[in-house]
Amino acid sequence: MPDQPKNPTSPDLDAWRKAAAKLAPSGDLSRLAWKTPEGLTVKPLYTKRDLDGLPYTDTLPGFEPFIRGPQATMYAGRPWTIRQYAGFSTAKESNAFYRQTLAGGGQGVSVAFDLATHRGYDSDHPRVSGDVGKAGVAIDSVEDMKILFGGIPLDKVSVSMTMNGAVLPVLAGYIVAAEEQGVAQNKLSGTIQNDILKEFMVRNTYIYPPAPSMRIIADIIAYTAQEMPRFNSISISGYHLQEAGATQALELAFTLADGKEYVKTALSRGMNVDDFAGRLSFFFCLGMNFYLEVAKLRAARLLWWRIMKSFAPKNPRSMMLRTHCQTSGWSLTEQDPYNNIVRTAIEAMAGVFGGTQSLHTNSFDEAIALPSDFAARIARNTQLIIQEETHICDVVDPWAGSYMMERLTQELADAAWTIIEEVDAMGGMTKAVESGWAKLKIEQCAAEKQARVDRGEDVIVGVNKYRLEKESPVEVREIDNTSVRDSQIVRLKKLRAGRDQKAMQAALDALTKAAESGEGNLLDLSIKAMRLRATVGELSAALERVWGRFKAETQSVSGVYGAAFSDDAEWKALQADIRAFAEREGRRPRVMVAKLGQDGHDRGAKVVATGLADLGFDVDIGPLFQTPEEAARQAIENDVHAIGISTLAAGHKTLVPALVEALREQGASDISVFVGGVVPAQDYDFLHRTGVKGVFGPGTPIPECARKVLAAISARRPSTV
């Protein structure tokens with residue numbers, strides 16, 4: 001064997017800089033670095049010097065501070081759990097999907113509920129006519145739960161349920177369904193999300209105000225700690241924060257600050273930290289910023305260890321962050337949707353390299369509609385391929401010791417910690433949420449991100465670069481909302497006719513009394529009511545009688561989106577046209593941005609409202625959860641020229657025609673209606689036939705939307721009333 005050449009003398013950094021400057025654009029090395037939205041600088045080159053001063057570069061997985069993973073062997077011992085978050089239509093159809101997924105390699109069930117269920121309404125409630133079975137499965141009672149999990153052994157299959165607002169009846173219904181399947185509570189494994197603070201910031205599927213909502217969380221933590229030792233009582237979610245626009249640092253900070261608040265709440269009830277902390281879990285989003293997503297999960301474990309140290313636990317598991325992750329839904333594009341398969345695979349890899357304990361991969365068609373069986377199979381197989389074909393699982397935290405990754409992990413942890421300290425100074429996350437400060441921080445990030453995309457600074461392949469001239473249609477899953485609702489109403493009537501009404505009402509009265517007095521465990525009382533066949537809506541109403549329904553104040557940021565276009569010629573021309581309209585009409589064009597039904601995802605609505613206002617439109621933002629009739633009434637009272645409906649929950653074919661009809665009945669058919677959001681291309685003609693003036697799919701730049709809205713307003717006929 002020939003002699004190996006000696007190690008050459010390493011050039012110093014100055015030599016590298018000189019060589020790199022010759023290749024850098026205009027000789028400017030700074031243009032090779034990348035500035036993240038949170039202000040971190042990601043350099044093109046990292047060296048051993050970047051490890052100087054870092055305190056945790058020589059650690060082991062399974063040991064404090066857990067940067068390298070919560071278990072010693074990680075995936076070399078056991079791969080992450082493959083979950084597919086799904087639910088649609090009826091319990092029967094969703095059950096068939098779950099069983100098919102488990103047979104095809106899925107390892108756990110993750111349930112998506114429809115918005116009626118999330119908001120604590122039964123399917124026959126008049127406010128949810130367009131929401132039943134659309135964005136998840138319709139669950140009204142224990143009988144629906146029994147069908148949902150029929151043929152799925154709940155003592156063997158872990159169940160994750162994304163539920164926050166109606167968490168009491170849903171968790172109680174699951175427990176009773178398991179009992180009637182013959183599975184005791186102490187045999188159940190899985191997770192209930194139960195993260196209400198996040199709902200007040202972004203997703204908005206809350207029911208009650210923050211203070212009583214925190215009591216519900218404490219009661220669930222206490223009950224499950226005693227009765228359900230294998231079940232995770234809370235999944236503290238950053239996922240929806242990033243989906244709403246938060247940067248990785250903000251997602252990390254707010255998620256851990258939420259977790260800290262829940263720990264403090266449980267401790268205030270007299271619980272021992274080691275009795276519940278080991279059953280807390282987390283839920284993070286995986287976006288397209290690959291390096292930052294890997295660093296985020298490593299930093300999350302470091303910071304949670306630091307936070308929990310302050311509560312002096314005796315069990316190391318109490319300081320160990322375990323997490324589920326899901327690939328980003330926001331990063332999915334309606335345009336050229338097969339690109340989404342690649343995006344999801346990259347995001348899944350970030351979660352695996354970051355050390356997640358379970359993972360959901362989104363289907364490529366979810367920017368268009370509910371996932372089809374074909375798309376869901378590809379999403380599931382993406383995980384199977386990573387687990388079974390790549391040998392990635394054979395090495396624990398392969399990024400450990402990386403000059404770049406160790407430095408980035410620490411910098412991201414430091415950035416998040418600064419925000420956590422700011423939250424602490426406000427009195428904790430509940431205070432930060434109640435003040436509206438946290439929500440506005442996220443909305444500012446969302447507006448900045450949208451501006452970068454619309455200007456082409458952040459490239460999205462197939463959307464603002466390399467766009468196809470003609471899109472091929474994609475077959476999507478279609479849910480007959482009317483049929484689902486009708487079938488649920490039939491089941492509800494049968495349920496109510498066959499139960500002991502007096503006993504059931506007594507159980508609900510006991511729940512109401514507990515809410516009034518502050519005594520008793522609300523989950524325990526909910527289980528008793530569900531055994532007697534109380535419905536989700538009835539149980540929610542029993543608490544609503546005491547606490548009422550929470551109504552958020554409508555706030556929005558201003559100037560953030562427009563600042564990115566201050567020197568843009570097209571932007572200035574559009575502003576001039578708006579000023580000309582105002583001079584001609586005697587007032588500025590006025591638009592109402594609205595959400596209909598129980599769809600609380602308001603990122604798109606808020607960003608569009610911000611952009612239009614920055615252009616010079618007068619903008620009204622309707623309150624969440626309006627009926628079509630309420631939205632029409634507000635639009636008429638505010639004398640708007642147009643209504644923009646933002647939809648992400650598939651209710652547009654029911655709710656938008658109802659809005660158009662309500663405007664017509666009230667003599668305001670001159671108000672132009674536009675729709676934006678997740679709308680399949682094959683539904684565009686339907687909406688146009690109902691009277692909609694324009695449909696803007698995901699990825700449509702706000703200036704383009706504004707130009708078309710202004711043109712429609714300018715061309716409209718005066719009202720005949």
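All residue numbers refer to positions in the sequence shown, counting from 1.
Between K439 and D602 there is a salt bridge, since a side-chain N of the basic residue sits under 4.0 Å from a carboxylate O of the acidic one. Residues R603 and E443 are not paired through a salt bridge, judged by the lack of any N-O separation under 4.0 Å between the basic side chain and the carboxylate.
Remark: the backbone N or O of G329 is paired with a side-chain donor or acceptor of E243 at under 3.5 angstrom. In this structure, Q181 contributes its side chain and I152 its backbone to a donor-acceptor pair below 3.5 Å. No donor-acceptor distance shorter than 3.5 angstrom exists from the side chain of S318 to the backbone of K314, with no hydrogens or angles considered. With hydrogens and angles ignored, the 3.5 Å screen pairs a side-chain donor or acceptor of S517 with a backbone N or O of K513.
The ring pair (Phe, Tyr, Trp, His ring centres under 6.0 Å) with F200 is formed by just one residue from the set W437, F550, Y208; it is F550. Each of L148, V159, I527 was evaluated against Y174; a single residue qualifies, V159, per the side chain to side chain contact (heavy atoms under 4.5 Å, CB included) test.
Between W80 and Y75, the ring planes lie perpendicular to each other; the angle is over 60°, past the 30° to 60° tilted range. Between Y98 and F149, the two ring planes are parallel [angle under 30°; tilted spans 30° to 60°].
Within the cation-pi definition used here (under 6.0 Å to the ring centroid, within 45° of the axis), R549 qualifies as a partner of Y121.
Separation of atoms CE (M349) and CZ (F290) is listed at 6.0 Å; rounding is to 0.5 Å. Of the inter-residue distances, the one linking L256 atom CG with I236 atom CD1 reads 8.5 Å to the nearest 0.5 angstrom.
Of all heavy-atom pairs between G287 and E347, the closest is O-CG, 3.2 Å.
Ring centers of F282 and W304: under 6.0 Å apart, within the cut-off.
At a cut-off of 3.5 Å, with distance as the only test, no side-chain donor of N204 or E199 sits close to an acceptor on the other residue.
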